[in-house]
Amino acid sequence: MNGIPTQSFDALVIGAGAAGLFYAARAGECGLRVLVIDHAAKPAEKVRISGGGRCNFTNIHTRPENFISDNPHFAKSALARFTPQDFIDRLTRHDITWHEKTLGQLFCDGRSAAIIDMLVGEMREAGGELRLGTTVGDVSRTADGFRVETSGGVVGARRLVIASGGLSIPKMGATGFAYDVARQFGHTIMDPRPALVPFVFEGRDKSDFASITGLACPVVACSERAAFEEAMLFTHRGLSGPAILQISSYWAEGEPIRIDLLAGLDAGAQLKAFKTQHPKKSFASSLEMLLPNRLVNLLAMRGDIPGIPRMADMSHAAIDSVVDGLSNWKIKPAGTEGWRTAEVTAGGVDTAGLFSSTMESRLVPGLYFIGECVDVTGWLGGYNFQWAWASAFAAAQA
Ligand code: FDA
């Protein structure tokens, strides 16, 4: 497509997700004429499906430590300037009610569509325009900004805001567009990888775990870099549940993960007391007061715990050794379920190339990256939307 831009705006936003729509409203309120383009037929589809349809829109415990990035300091500035309370205040103005589910995670009382309506409504009220079902082609610089070819014509803009997200869930329209634009303008990309994603196993581990599909138990899931005390769920392909999704964001291919199956229990003392009271019971059956019996049977079958001895035959040292094994249960995933089910993309546009206060490129004035496409990845529990709001707000104030 040739020609000079036939339409010009102060800011052109690519991606009508959480970050792009929030940016458009805030920038519009600051007086900018904003156009938002998305190739999808509907805006903010990930907001719609998030939180089981009720959108876990923030976490009241948000701190920079809840985010993974090559530069752990990068998110501090934006997070400090737009807090969970700032987003809650917006919901209040729109009569959107909410509740805390657990661990500071805030969900809508009703459907997530209320948040999409708020985002689109605020954008329109601030004078923004939204074009859906519009594809984006060549992007280039001009003397006073950017020239972008789209299926709706050539658009010129002083600012180009990339809010097209990461690679997770391709069937919802995820693309690597942000990374392509970033590379085109000389930015580095930190290797994108699926995060907040279930683990899959092969061979015996896979069939063992499949035999107790649906069983959930509280654990501490640990890697070299982090530990999460939440529920773990056995699935027909491997392991899932919040503890596993959280630790997957820190996992590297080939690494084992360590699971404390006795999280928060004084298991050694309880088993020794049980031995005194029930010396004739089997060791495996005694463990059933601590763990679900289907799991105990599986662990005995795998040889992870001794199945046969009576309590009377277990020395205190032997009990301690089994307790230690269950507190440090090591398993090596074959991989993850990948982009198909990952809630987010870890990695992305290297923060070294962006100003942390505005999300603007250090290499190309007027070019901004916000939301999930940036190498800032939140934990499970509302942190990723908080990053979308905060990074968009920072860019809009620029
Ligand atoms: P987002 O992906 O939302 O938006 C990007 C937009 O860009 C999309 O509309 C897409 O169509 C468009 N786009 C992509 N490529 C394009 C191209 N080439 N041309 C034009 N448009 C293009 N987080 C959280 O905090 N709480 C939660 O409850 C959940 N729950 C959840 C559930 C599930 C199933 C998923 C997959 C994810 C979550 N998340 C979440 C994560 C959260 O959804 C995610 O971090 C944010 O949506 C990221 O917002 P962005 O606006 O950056 O990208």
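Numbering starts at 1 and runs along the sequence shown. We count ligands from 1, going down the list as the structure has it; atoms in each ligand are counted the same way.
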Heavy atoms only, cut-off 4.0 Å: how does [X] contact ligand 1, side chain, backbone, both, or neither?
| X | answer |
| --- | --- |
| Tyr383 | backbone |
| Ile169 | side chain |
| Ala163 | backbone |

- Would Met311 and Leu265 show up in the same hydrophobic cluster when neighbours are defined by side-chain heavy atoms closer than 4.5 Å?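 They do share one cluster, since a chain of ILVMFWY contacts under 4.5 Å joins Met311 to Leu265.
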- Message: Would a single hydrophobic cluster contain both Leu291 and Val220, if residues Ile, Leu, Val, Met, Phe, Trp and Tyr are joined by side-chain heavy-atom contacts under 4.5 Å?
- Response: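 Different hydrophobic clusters.
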Can you list the atoms of ligand 1 that are under 4.0 Å from a heavy atom of [X]?
| X | value |
| --- | --- |
| Ile49 | 34 (C) |
| Gly51 | 28 (O), 30 (N) |
| Asn56 | 24 (C), 25 (O), 26 (N), 27 (C), 28 (O) |
| Gly173 | 14 (C), 15 (N) |
| Phe177 | 18 (N) |
| Val344 | 41 (C), 45 (O) |
| Asn384 | 23 (N), 25 (O), 45 (O) |
| Ala40 | 11 (O) |

Less than 4.0 Å between a side-chain N and a carboxylate O, is that true for [Y] and [X]?
| X | Y | result |
| --- | --- | --- |
| Glu343 | Lys46 | no |
| Arg340 | Glu337 | yes |
| Glu255 | Arg225 | yes |

- Message: Under a plain distance cut-off of 3.5 Å, with no hydrogens placed, do Thr83 and Asp86 share a side-chain donor-acceptor pair?
- Response: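 Present: a donor and an acceptor within the cut-off.
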- Query: Can you find a side-chain donor-acceptor pair between Asp89 and Gln85 that sits under 3.5 Å?
  - Reply: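 Side chains of Asp89 and Gln85: pair found under 3.5 Å.
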- Message: Could you walk me through whether Ser286 and His278 satisfy the side chain to side chain donor-acceptor pair (under 3.5 Å) test, starting with their C-alpha distance in whole Å, then the side-chain angles of each, then the deciding distance to 0.1 Å, before giving a yes or no?
- Response: CA-CA 9 Å; Ser286 71; His278 306 283; over 6 Å; no
Please report which non-hydrogen protein atom sits nearest to [atom], along with the residue it belongs to and the distance in Å to one decimal place.
| atom | answer |
| --- | --- |
| atom 4 (O) of ligand 1 | Gly17 CA, 3.4 Å |
| atom 53 (O) of ligand 1 | Gly165 CA, 3.5 Å |
| atom 29 (C) of ligand 1 | Ser50 CB, 3.6 Å |
| atom 24 (C) of ligand 1 | Phe385 CD1, 3.1 Å |
| atom 48 (C) of ligand 1 | Glu372 OE1, 3.4 Å |
| atom 12 (C) of ligand 1 | Asp38 OD2, 3.1 Å |
| atom 39 (N) of ligand 1 | Glu343 OE1, 4.0 Å |
| atom 20 (C) of ligand 1 | His39 N, 3.3 Å |

- Query: Between Phe393, Phe385, Trp389, which is the residue that forms a ring-ring contact (aromatic ring centres under 6.0 Å, His included) with Phe87?
  - Reply: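 Passing option: Trp389.
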- Message: Looking at Val197, is its backbone amide N or carbonyl O close enough to the side chain of Ser248 to form a donor-acceptor pair, meaning the two atoms are under 3.5 Å apart?
- Response: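 Yes, Ser248 side chain to Val197 backbone: donor-acceptor pair under 3.5 Å.
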Hey, is [atom1] on [X] packed in by over 12 heavy atoms from elsewhere, all under 6.0 Å?
| X | atom1 | answer |
| --- | --- | --- |
| Glu224 | CD | no |
| Lys272 | NZ | yes |
| Glu202 | CD | no |
| His316 | NE2 | yes |

- Message: Nearest non-hydrogen contact with atom 14 (C) of ligand 1 belongs to which option: Ser164, Gly371, Ala174?
- Response: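 Shortest heavy-atom distance from atom 14 (C) of ligand 1: Ser164.
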- Message: Can you check which of Thr175, Thr135, Leu119 brings a heavy atom nearest to atom 16 (C) of ligand 1?
- Response: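 Considering heavy atoms of Thr175, Thr135, Leu119, the nearest to atom 16 (C) of ligand 1 sits in Thr175.
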- Message: Please check whether Gly166 reaches ligand 1 - meaning an N/O of the residue sits under 3.5 Å from an N/O of the ligand, judged on distance alone.
- Response: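 It does not: no N or O of Gly166 is found under 3.5 Å from an N or O of ligand 1.
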- Is Ile37 close to ligand 1, meaning an N/O of one under 3.5 Å from an N/O of the other?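 No - when backbone and side-chain N and O of Ile37 are compared with those of ligand 1, no distance drops under 3.5 Å.
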- Query: Quick check, are the ring centers of Phe22 and Phe82 under 6.0 angstrom apart?
  - Reply: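 Yes, the ring centres sit under 6.0 Å apart.
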- Query: Can you tell me if Gly382 has a non-hydrogen atom under 4.0 Å from ligand 1?
  - Reply: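 Yes; Gly382 lies near enough to ligand 1 that a heavy-atom distance drops under 4.0 Å.
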- What do you reckon, does Ala18 put a non-hydrogen atom under 4.0 Å from ligand 1?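 Contact check Ala18 vs ligand 1: positive.
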